[in-house]
Amino acid sequence: MRLAKSLLPTLREDPSDAEALSHKLMLRAGLVRQLAAGIYVYLPLGHRVLERINVIIREEMNAIGGQEMTMPVMHPAEIWQKTGRWEGIPEMFKLKDRYGRDMVLGMTHEEVVAWLAAREIRSYRDLPQIWYQIQTKERDEARPRSGVLRTREFVMKDSYTLDPDVAALDRSYAAHERAYRRIFERCGLRFHVAQSDTGMMGGLGAHEFLAPCAAGEDEIALCAGCGYAANVEIARGVPAAPAFPAWTREEVATPNARTIAEVSRLLAIDPRLTIKSLLFVAPNAGPVLVLVRGDHSLHERKLTRALGEEARAAHPDEVRQHLGAPVGSVGPVGARVAVLADEALREGAYVAGANRDGVHLRGVSAGRDFEARFADLHAVAAGEACPQCGKPLAVETVIEIGNIFKLGTKYSEALGAMYLDEGGKEQPIVMGSYGIGPARIAAAAVEQLADADGIVWPAAIAPFQVHVVVVSLRDAGQVAAAEGIYDACRAAGLDALFDDRDERPGVKFKDADLLGVPVRVTVGNALAKEGVVEIKERRAPRREQRVPKDRVLDTLQEVLAHPR
RNA sequence: CGGGGCGUAGCGCAGCCCGGUAGCGCACCGGACUGGGGGUCCGGUGGUCGCAGGUUCAAAUCCUGUCGCCCCGACCA
């Protein structure tokens, strides 16, 4: 591609709307433009990156027997009503056709797959199947953000497995896990595979593929010792217990001290020796006093799981009503509501609110001073012990780039996707569903590899393999040599970008660094003086080779064959 | 949905408090010089100041409403 006449608008400054590194760089390097909140145009360069990622995904999906197809973006409401997902999903775009019929814009395709399977799959002999597509999804996100990382419209590779039973599903699931690992490895990403919450998809199990990066939205706990990795939503860490002083139970005056920090400072104790008491109200169970250790924070997803329903934080007047004391002075002793405590509080004696303003209780122990149900409730912090091997856990910020779910029979039963087994008995098809976000792969690669000068693409997903820069358009020798190199690259099957603009060299070099193409060939003064051009790797700018112009292609192929 | 911020030329911003001819840098167009890390000089083009209403002799500026975008949180198949 020749730059002079291409739509490749680079920006000298960071756009004011962009915060995340990948957002800034993808805008600056001319990969994308934003049409509306969470809705993006992919310009030619961005399109190329996505296509290269999609090629890798296709190869690996085909390798495990995936069959590519295309399902509709727009669906009749009926199939969603049958599975019960028509109601209660705020992200669903709903619309009506001209006759007033309800339609939905697809955010995922379990319903369509189950509908299709209900018509086309009849016998155990038809199973297993792996169906996939690379197609646009629409989700009315509450808060699109971070550029291309969280959008309302995005392309997704979604695949679905159909199996006769759970054992077969396990095999399809394992095949996907292997394929996903290969895809992300080939894309040049650092990533982790972690157990995850099955969430509203329901189902038998799930894993997420997570790429560490600063702009991430999730956190995972990782164990370097045994490889344990889990989203903090479900990760179980074992916090070290503090040294408990030999307290007898007594009241202590804590005037004007409400927060854990204030109380522990006033009493000159370790915050780990305090209990944080939070009143929640559950729709069915009513008020629940939730306890975590003073230095811990409650993870609300864990609370939801422990309660079996979603509770909300109580209003200050509700706290007073149920416990007779203001927020900050409440505690479990004598509380006339159910108490749910984090596992970390099973042992030891703590300082807790006394349900009276200005007073706390010292030496409070679960079991002796109050009754509580225990559950894992606190968000895992770095340094807690691994639940499997006891080594310290690390916590990393990550972006989800793929997920795999064992769905079970929820969708097939709702839509009548049945088959006849060997005994002639009708059985529901066991489904799995699996997603990858190509745009997130691209953004995660930018986040992980960029340096101060711009993007550094992994060779496998770079928009071009070679970036040819001619220093001076006035020098006919340079131009002829650069044209020759550009033509030779293309003839050899290398994707090349040719900066043929009449710009000063500095502008071209800055843009080349910004765009992040793996290898740059510079045709400049050294050509006339020494008969050589320069070949430089984007990721190793200090290493530069000077090669005669007829050796360029060989050198390029060598460099590209051994990235980094 | 709760909290905060911002909408002025293609991009980045000033002007707004204290009403009175809409400005700067970059980009863009023409010219001259220059040519290895975002050049210099000369001359230009380009703006319903997000939108609507109000106050006023006069509104980018004050008031009311509204739309859009960003950030934090909630949410997230």
Side-chain angles (χ1 to χ4, degrees), chain A residues 9-20 23-24 27-28 30 33-39 80 83-85 88-92 104 106-111 113 137-147 149-152 154 156 158 160 196-203 206 208 215 217-218 231 233 297 300-301 304 310-313 315 399-400 402-407 410-411 431-435 437 452-454 469-475 478 499 501-514 520 522-529 533-534 536 541 544:
Chain A
T10 56
L11 267 23
R12 191 177 289 235
E13 292 169 282
D14 286 337
S16 62
D17 280 351
E19 191 87 6
H23 191 197
K24 288 179 184 170
L27 250 10
R28 285 229 284 142
R33 288 295 183 259
Q34 188 186 66
L35 211 209
I39 303 180
W80 290 83
T83 59
R85 294 161 112 191
I89 302 180
E91 289 77 22
M92 187 186 288
V104 343
M107 51 199 330
T108 180
H109 283 73
E110 284 79 13
E111 277 77 2
V113 166
K137 300 283 181 274
E138 309 284 349
R139 296 184 186 182
D140 193 5
E141 292 288 347
R143 186 150 95 79
R145 75 185 99 171
S146 305
L149 285 178
R150 185 159 208 90
T151 56
R152 294 193 291 173
F154 59 98
M156 182 176 184
D158 47 324
Y160 304 87
S196 71
D197 195 2
T198 47
M200 288 180 65
M201 288 292 269
E208 290 171 329
E217 303 188 297
D218 286 311
N231 196 307
E233 289 169 3
S297 47
E300 294 199 19
R301 287 283 269 265
T304 302
E310 199 161 325
R312 60 169 174 83
H315 302 301
I399 180 75
E400 181 179 351
N403 56 44
I404 54 181
F405 282 97
K406 295 181 186 177
L407 290 176
K410 172 180 170 179
Y411 300 94
M431 287 176 58
S433 97
Y434 316 82
D453 294 315
V469 171
V470 52
V471 169
S472 175
L473 274 197
R474 307 283 173 77
D475 184 323
Q478 286 182 23
D499 192 344
R501 295 175 301 175
D502 188 10
E503 287 287 354
R504 296 179 60 90
V507 173
K508 297 187 179 186
F509 294 148
K510 287 289 186 190
D511 272 347
D513 287 346
L514 215 211
R520 189 177 94 198
T522 307
V523 183
N525 293 334
L527 179 71
K529 286 192 203 135
V533 303
E534 291 130 37
K536 186 145 97 171
E544 181 179 276

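Here is how names work: the chains are called A, B, and so on, in the same order as the sequence lines, proteins then strands, and each is numbered from 1.
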*Asks:* Under 4.0 Å, heavy atoms only, any strand: does A:Asp218 hit a base, just the sugar-phosphate, or nothing?
*Replies:*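 No contact.
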*Asks:* Tell me whether the side-chain N or O atoms of A:Arg520 pair up with the base of B:G37 as donor and acceptor below 3.5 Å, since no angle test is needed here.
*Replies:*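 Check passes, donor-acceptor contact within cut-off.
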*Asks:* Contact class for A:Pro9 (heavy atom, under 4.0 Å): base, sugar-phosphate, or nothing?
*Replies:*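 Here A:Pro9 touches no strand at all.
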*Asks:* Compare every heavy atom of A:Lys536 with every heavy atom of A:Glu544, then report the nearest pair and how far apart it is.
*Replies:*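 Taking every non-hydrogen atom into account, OE1-CD, 3.5 Å.
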*Asks:* A:Asp502 has an atom CG; how far is it from atom P of B:G39, in whole Å?
*Replies:*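 One finds 13 Å between P of B:G39 and CG of A:Asp502, rounded.
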*Asks:* What interatomic distance, in whole Å, is found between C1' of B:G10 and the corresponding atom of B:G47?
*Replies:*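 My reading of the C1' atoms in B:G47 and B:G10 gives 12 Å.
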*Asks:* I'd like to know if A:Glu503 reaches the base of B:G37 with its side chain, counting only an N/O donor and acceptor under 3.5 Å.
*Replies:*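 Per atom types, no contact qualifies.
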*Asks:* Closest approach to the side chain of A:Arg143, judged atom by atom: which nucleotide of B:C75, B:G36, B:C72 is it?
*Replies:*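 For A:Arg143, the side-chain atoms sit closest to B:C72.
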*Asks:* By the 4.0 Å heavy-atom rule, please label A:Lys536 as base, sugar-phosphate, or nothing.
*Replies:*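 Contact class for A:Lys536: base.
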*Asks:* If we ignore angles and hydrogens, is there a donor and acceptor under 3.5 Å between the side chains of A:Gln34 and A:Asp17?
*Replies:*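 No.
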*Asks:* Measuring from the side chain of A:Val507 (C-beta onward, heavy atoms only), which nucleotide among B:G36, B:C69, B:G38 has the closest atom?
*Replies:*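 It is B:G38.
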*Asks:* Would you mind reading off the distance between A:Asp513 atom CG and B:G38 atom P, rounded to a whole angstrom?
*Replies:*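 Rounded to the whole Å, the gap is 12 Å.
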*Asks:* How many whole angstroms separate atom NE2 of A:His23 from atom C1' of B:C70?
*Replies:*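 So the two atoms are 9 Å apart, to the nearest Å.
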*Asks:* Watson-Crick or G-U wobble partner for B:G46, using a 3.5 Å limit on both distances?
*Replies:*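 For B:G46, the partner nucleotide comes out as none, under the 3.5 Å rule.
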*Asks:* Rounded to whole angstrom units, what separation is found between the CZ atom of A:Arg301 and the P atom of B:A74?
*Replies:*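 Spelled out: CZ on A:Arg301 to P on B:A74 is 11 Å.
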*Asks:* So A:Glu208, base contact, sugar-phosphate only, or nothing? Heavy-atom distance under 4.0 Å.
*Replies:*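 Here A:Glu208 touches no strand at all.
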*Asks:* Remember a base hit wins even if backbone is also touched, and classify A:Ser146 as base, sugar-phosphate or nothing at under 4.0 Å, heavy atoms.
*Replies:*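 A:Ser146: backbone/sugar contact only, no base atoms under 4.0 Å.
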*Asks:* Looking only at side-chain atoms of A:Lys510, point me to the closest of B:C28, B:G37, B:G12.
*Replies:*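 Per side-chain heavy atoms of A:Lys510, the pick is B:G37.
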*Asks:* Remember a base hit wins even if backbone is also touched, and classify A:Ala526 as base, sugar-phosphate or nothing at under 4.0 Å, heavy atoms.
*Replies:*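 Base, at least one base atom sits under 4.0 Å.
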*Asks:* Nearest whole angstrom, please: distance from the P of B:C69 to the CG of A:Leu35.
*Replies:*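 Between P of B:C69 and CG of A:Leu35: 10 Å.
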*Asks:* For A:Asp17 and B:C69, what is the distance between atoms CG and P respectively, to the nearest whole Å?
*Replies:*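 Checked: the CG to P distance equals 10 Å.
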*Asks:* Regarding A:Ala142, tell me which of base, sugar-phosphate or nothing describes its non-hydrogen contacts under 4.0 Å with the strands shown.
*Replies:*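 Contact class for A:Ala142: base.
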*Asks:* Determine the Euclidean distance between corresponding P atoms of B:C16 and B:C62; express it in Å to zero decimal places.
*Replies:*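 Going atom to atom, P in each nucleotide, I get 9 Å.
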*Asks:* Expressed as a whole number of angstroms, how long is the span from A:Gln34:CD to B:G10:C1'?
*Replies:*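 These atoms are roughly 16 Å apart.
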*Asks:* Counting side-chain heavy atoms from CB outward, which of B:G36, B:G25, B:C26 is closest to A:Glu13?
*Replies:*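 The answer is B:G25, which lies nearest to the side chain.
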*Asks:* Determine the Euclidean distance between corresponding C1' atoms of B:C57 and B:C17; express it in Å to zero decimal places.
*Replies:*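 Nearest-Å result for B:C17 against B:C57 at atom C1': 23 Å.
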*Asks:* Check the distance between B:G12's C1' and A:Arg28's CZ and give it to me in whole angstrom.
*Replies:*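 It works out to 12 Å between those atoms.
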*Asks:* Classify A:Asp14 by what it touches in the nucleic acid, base, sugar-phosphate, or nothing, heavy-atom distance under 4.0 Å.
*Replies:*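 The answer is sugar-phosphate, as A:Asp14 gets under 4.0 Å only of primed atoms, P, OP1 or OP2.
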*Asks:* With sugar-phosphate meaning primed atoms plus P, OP1 and OP2, does A:Arg139 contact a base, only sugar-phosphate, or nothing at under 4.0 Å between heavy atoms?
*Replies:*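 Counting heavy atoms under 4.0 Å across all strands, the contact made by A:Arg139 is with sugar-phosphate only.
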